Amino acid sequence: MPGLLSGPVSLTVIFLLTWLIRRSCAQIWTDEVSDMQYGRLGANVTLACGKAKIRTPVVWHLNHSAALPWHQVTSDGSLVLHHVDHSAEGVYVCHDNQGLLLHSVRLRLGHPPGLLSISCQVPNHTHVRCSWVDSVKTFLPPQYIASFRNGQGWKPCVVDVIHKHCDIEDSTFWQPTHTLNVTEVNALGSQTTVVWLRLQELLKPDPPESLKVEEVESHPKRLSISWKHPSSWPRRDAFPLIFQIRYRPKGSEYWSDVYSEDSSIVIFDALAGHVHQVQVRARDEVNSDTQWSEWTPVSLARTWQVSTTPDPPEEPPPPEYIFPFNPDPETSTMRTHSESTLLIG
Ligand SMILES: *[C@@H]1O[C@H](CO)[C@@H](O)[C@H](O)[C@H]1NC(C)=O
Ligand SMILES: *[C@@H]1O[C@H](CO)[C@@H](O)[C@H](O)[C@H]1NC(C)=O
Ligand SMILES: *[C@@H]1O[C@H](CO)[C@@H](O)[C@H](O)[C@H]1NC(C)=O
Ligand SMILES: *[C@@H]1O[C@H](CO)[C@@H](O)[C@H](O)[C@H]1NC(C)=O
């Protein structure tokens, strides 16, 4: 039975089909780059045209364009880019001399990690948070592995990659020093930074909360000041805090201060009739090697004044009441007179 297609026509159709298949493969491959290659900025980067040895000459393109950064194609079809900078980043494809796509690869450039600059905050006796900043801008996504050593061995420090910090719960404060390792890893390498910490010296409570300053009725030189423990400071009985309170009349350059173990005091030497600024901060009471918290935001209050008792509203009286309160002495006298007359009568 003779086929539907025969002779030169079928050959043409087969050729066309092959070409179409090749075209569609090329399209898929260009859009979905399977390989990612990382290179160091400033170095020479070699991109291989697929894994198989290529015998035919190949052509390379970057981002669908023929313009390539300074380059050289080796005899096996690899592309060598010299002294690359960010302009060499993008999607590279290599074709054979008939236009068949052989390989595609996305090139990303950057630097291996450098040392980190690490600082730690210790807001209470069971929590340590260490944050870091990179000394090298790597341009590549990092991963961090962090661990912490007390006398009992290494423990993980739980990493937040986005905010570049890690948290340790349940630290052992009685150890004089602790070790923290943070290893940054990216596609081009890794670097470990080691720091030694003295938690005692880093302990710095959060500032006290809910600072309230009020006048003391009938006492023009007193102010009543109260506040709450920082909410991140648990176990007040086991770890008492000492508070420093400072105050000054608004506009004055000099603070007066006073210390307290309680969370309220009354000061007796305020400047009568003035608005005062007040702030409080806290520190671990037992260990003076620890740090003072930041000051609370300034709280303002005026001392008690006679005139601070609520005044009647100072609106002008409505017109119809003006007449009876007319301050004309004669009218007043007459009114008194007539009232007396009335009483007598
Ligand atoms: C990069 O290649 C050029 C040319 O082959 C060579 O002179 C240079 O030393 C290479 N640079 C590096 C960093 O390898
Ligand atoms: C190539 O495209 C990528 C985005 O896929 C872009 O970041 C890069 O700058 C482009 N490179 C060039 C040389 O146009
Ligand atoms: C932390 O760093 C020290 C010193 O480089 C090293 O001896 C130790 O093995 C590291 N520990 C971890 C868990 O990486
Ligand atoms: C210690 O401080 C941290 C950070 O503010 C807090 O999340 C944690 O709850 C505090 N610990 C306790 C036991 O309150």
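Atoms within each ligand, like the ligands themselves, are counted from 1 in listed order. All values derive from a computational prediction rather than experimental measurement.
Note that OG1 of Thr296 and CZ of Arg246 are 9.0 Å apart. Values are rounded to the nearest 0.5 Å. To the nearest 0.5 Å, the span separating CD on Glu169 from CZ on Arg129 amounts to 9.0 Å. With rounding to the nearest 0.5 Å, the separation of CD in Gln191 from OG1 in Thr138 is 12.5 Å. To the nearest 0.5 angstrom, Gln200 atom CD is 12.0 Å from Gln291 atom CD.
Using a 4.0 Å cut-off between charged nitrogen and carboxylate oxygen, Arg222 and Asp269 do not count as a salt-bridge pair. Between Glu294 and Lys204 there is a salt bridge, since at least one side-chain N of the basic residue sits less than 4.0 Å from a carboxylate O of the acidic one.
Comparing Ser87, Gly90, Ser65 by heavy-atom distance to atom 13 (C) of ligand 2, the nearest is Ser87.
Protein heavy atoms are found inside the 4.0 Å sphere centred on atom 2 (O) of ligand 4. For atom 7 (O) of ligand 1, the protein comes within 4.0 Å by no heavy atom at all.
At least one side-chain heavy atom of Asn124 sits under 4.5 Å from a side-chain heavy atom of Pro234.
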Requested in this report: Take Cys166 and Cys130, measure what disulfide bond (SG atoms under 2.5 Å apart) needs, and give me the verdict at the end.
Outcome: CA-CA 5 Å; Cys166 72; Cys130 295; 5.2 Å; no
**Report entry** side-chain contact (heavy atoms from CB on, under 4.5 Å) evaluation trace for Val278 with Trp227
**Finding:** CA-CA 11 Å; Val278 179; Trp227 58 90; over 6 Å; no
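The nearest protein atom to atom 14 (O) of ligand 4, hydrogens excluded, is given as Pro234 CG, 3.4 Å; this is a heavy-atom distance. In this structure, the protein non-hydrogen atom closest to atom 11 (N) of ligand 1 is Asn44 ND2, 2.9 Å. Among protein heavy atoms, atom 12 (C) of ligand 2 sits closest to Asn63 ND2, 3.3 Å. Nearest protein neighbour of atom 5 (O) of ligand 2, counting heavy atoms only, is Arg106 NH1, 3.4 Å.
Annotation: Asn124 places an N or O atom under 3.5 Å from an N or O atom of ligand 4; distance criterion only.
Ligand 2 places these atoms under 4.0 Å from at least one heavy atom of Glu89: 1 (C), 8 (C), 10 (C), 11 (N). Close contacts between ligand 2 and Leu62 involve ligand atoms 13 (C) [criterion: under 4.0 Å to a heavy atom]. The Pro123 neighbourhood of ligand 4 comprises atoms 2 (O), 4 (C), with distances under 4.0 Å to a heavy atom of that residue. Of all atoms in ligand 4, numbered sequentially from 1 with element shown, those under 4.0 Å from a heavy atom of Ser232 are 1 (C), 2 (O), 5 (O), 10 (C). The atoms of ligand 1 that sit less than 4.0 Å from any heavy atom of His82 are 1 (C), 2 (O), 3 (C), 4 (C), 5 (O).
Counting heavy atoms under 4.0 Å from ligand 2, residue Val91 does not touch it at all. Under 4.0 Å from ligand 1, not a single heavy atom of His83 appears.
Not less than 6.0 angstrom separates the ring centroid of Trp255 from the ring centroid of Tyr247.
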